Amino acid sequence: MQASSQAFSDMAATRNSTLDDTFYKKADAFFAANSKVGLTYDDITLATLYSEILPRNTQLDTRLADGLQLNIPAISADMDTVTESRMAIAMALNGGLGLIHYNMPERQQLSEVSRVKYHVQGLIQDPIKIAPDQLIGDVLKLIEEKKFGFSTFPVVDEQGKLLGLLSGHVVKPRYATKKVIEALTPRKSVHTITKKELGKDPIARADNFFTEHLGIHKLLVVDDADHLHGLITMSDVERITLERKAQFKPARDAQFRLVCGAAVSATRNAFGELDRGRILEHVSALVERGVDVVAVSTAHGHSKGVGDTVKVLRDAFPKLPIIAGNVTSAASVEYLADCGANAIKVGQGPGSICTTRIVAGVGIPQMTALYVCSRAAAKKKVSILADGGITKSGDIVKALTLAQGVICGGMFAGCTEAPGDVVEISGKMYKHYRGMGSLAAMKSGSAARYGHEKADTTRKVAAEGIEALKEVCGSVDRVLATLIGGIQSGMGYLGAKDLAELRVKARYIRVSPAGQREAAPHDVVELKTGN
Ligand code: XMP
């Protein structure tokens with residue numbers, strides 16, 4: 001750029017209009033001026049600023065604690081209809097984080113964490129296997145029932161030893177009465193590799209293999225005793241090779257494993273006291289499995305039980321990143337930070353399945369809560385996470401002007417990677433989504449999160465969440481691509497190259513009910529939604 005045009009551009013960037021300043025306020029002035037009313041995402045909008053930033057060049061990495069850095073500021077909620085290992089793997093592969101819920105036996109939660117930490121991208125660790133004495137007709141039935149999109153299967157004996165590969169070419173109705181053993185490609189003709197041979201970069205190794213072996217699309221992974229340990233397909237390898245060039249890299253730990261979080265509860269013993277021994281045992285086991293962060297998840301984080309749990313964990317694990325919550329006040333952020341939490345979940349009652357505000361009459365609309373908490377968090381040098389109530393990417397942009405990350409439940413509950421089966425109702429496909437404070441979820445284990453005992457659910461206990469359905473919305477990759485596109489657009493409009501700049505540059509104004517109507521499509525017959 002020439003000197004004169006550089007000077008002109010600098011002038012444009014720094015030009016200040018007092019008129020703008022009268023209407024569009026920075027956070028401190030705006031929220032102080034609106035201190036008598038609780039505001040949420042749709043109550044406000046952000047003013048745009050001079051920009052030389054292209055959305056695609058914006059950076060979305062965020063540091064939640066020492067040792068916990070994400071490449072996108074998105075976390076999937078620790079809810080039993082949202083995050084188990086499949087969701088956590090998808091979130092981490094996209095640069096975010098999944099928090100594995102605790103409505104399951106501790107042993108199972110540990111293996112869910114292990115699945116994430118030992119996930120080898122592109123390696124199907126537990127492929128569907130076929131027994132040699134099954135009929136081809138049985139295999140066809142299985143494909144039909146489970147709606148598999150593939151028809152080639154490894155064949156193993158009762159000990160899991162590889163016997164061969166049943167190729168899709170022979171899985172046809174005309175061979176229905178033939179036995180698998182008669183139709184399989186025998187072991188000696190099947191291409192295999194050992195885990196050791198896969199080395200540090202299994203995808204590169206498999207990519208080379210497929211180039212060298214013309215027409216071979218499947219590679220089986222075995223141990224030294226020829227037991228089957230996995231399957232790599234050429235189409236997966238090609239997809240991953242493409243993804244490696246993507247802007248946002250997977251979120252990994254220092255040993256190159258995907259990051260994973262797990263929720264823990266402030267468990268009490270039979271006498272109603274905090275069960276320190278059990279909490280420590282649980283978290284020690286999680287740490288042993290390589291968990292990157294634990295979330296002490298409750299509905300009321302500003303309480304002795306949560307504070308004491310965080311203190312116990314901080315003393316026992318000085319370096320372990322700890323998320324705690326949920327809260328909506330400055331005092332509660334300071335309390336949890338003093339107890340040793342690194343990131344605080346902000347949100348009481350904004351969630352799409354929450355009824356806390358209706359049932360208990362408490363909670364603060366999200367933008368006001370985030371502002372108040374963000375100022376306390378800055379003082380204590382901890383981060384905050386905007387938890388619940390996010391329904392569109394614009395809400396995330398607004399949340400990120402005050403918070404270091406967002407936690408979403410409803411946005412991911414309809415994804416393929418969320419736990420639970422798809423149900424069809426009147427020709428539409430849905431997945432179950434329920435509040436952790438719903439009666440059903442509390443019976444499955446989350447009662448402590450709402451200050452109840454599991455057994456209380458048979459007595460008079462008020463549910464603080466509902467059971468609902470979410471329309472199926474495809475893969476997490478797709479949903480996140482749309483959300484990330486929206487966040488980057490917002491940052492482009494504000495001339496913010498990264499999230500730190502977004503927080504500094506944001507200016508707000510309130511929106512009237514007419515302004516809210518104006519903000520959504522109106523006065524047209526909608527043919528296609530934006531997504
Ligand atoms: P979204 O809006 O993303 O909200 O669906 C997810 C967040 O809601 C919280 N949560 C609950 N809050 N009753 C509540 O008041 C409940 O039953 C409940 N279940 C989940 C939680 O913070 C989650 O991340």
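As the structure lists them, so they are numbered: ligands from 1, and atoms in each ligand from 1. Not measured: the values here are computed from a predicted model. Residues: numbered from 1 along the sequence shown.
The contact set between ligand 1 and M436, taken as ligand atoms under 4.0 Å from a residue heavy atom, comprises 16 (C), 17 (O), 18 (C), 19 (N), 20 (C). Shown in contact with A77 at under 4.0 Å from a heavy atom are these atoms of ligand 1, numbered in order with element: 24 (O).
Checked by atom type, the side-chain pair K345/S297 shows a donor-acceptor distance below 3.5 Å. Between N342 and R314, the side chains place a donor N or O and an acceptor N or O closer than 3.5 Å (distance only, hydrogens not considered).
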#### Entry: Verdict with supporting geometry, S438 and E467, side-chain hydrogen bond (donor to acceptor under 3.5 Å, both in side chains)
CA-CA 7 Å; S438 64; E467 293 178 57; 4.8 Å; no

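Expressed to the nearest 0.5 Å, how far CZ of R115 lies from SG of C260 amounts to 12.0 Å.
Q109 pairs in a side-chain hydrogen bond (donor to acceptor under 3.5 Å, both in side chains) with only one of the listed residues (R289, H282, H101), which is H282. Just one of K117, R252, K319 meets the salt bridge (charged side-chain N to carboxylate O under 4.0 Å, His left out) condition when paired with D292; it is K117.
Note on ring orientation: taking the six-membered ring where Trp is involved, the planes of Y508 and F31 are perpendicular (angle over 60°, cut-offs 30° and 60°).
Looking at Q348 against ligand 1, nothing comes within 4.0 Å, counting heavy atoms. Of all the heavy atoms of S297, none lies under 4.0 Å from any atom of ligand 1, so neither backbone nor side chain is involved. Residue contacts with ligand 1, taken as heavy atom pairs separated by less than 4.0 Å, involve N326 solely via side-chain atoms from C-beta onward.
For a threshold of 3.5 Å applied to N or O pairs, the pair formed by G388 and ligand 1 contains no separation below that value. Considering backbone and side-chain N/O atoms, M411 never comes within less than 3.5 Å of an N/O atom of ligand 1. Between E464 and ligand 1, at least one pair of N/O atoms sits closer than 3.5 Å. Taking only nitrogen or oxygen atoms, main chain and side chain alike, P350 does not reach within less than 3.5 Å of ligand 1. Geometrically, ligand 1 and G349 share no nitrogen or oxygen pair separated by less than 3.5 Å. Residue contacts with ligand 1: I407 is placed with no nitrogen or oxygen under 3.5 Å of a nitrogen or oxygen of the ligand (distance criterion only).
Summarising the contacts of atom 1 (P) of ligand 1 with S352, G435, C354, the nearest heavy atom is found in S352.
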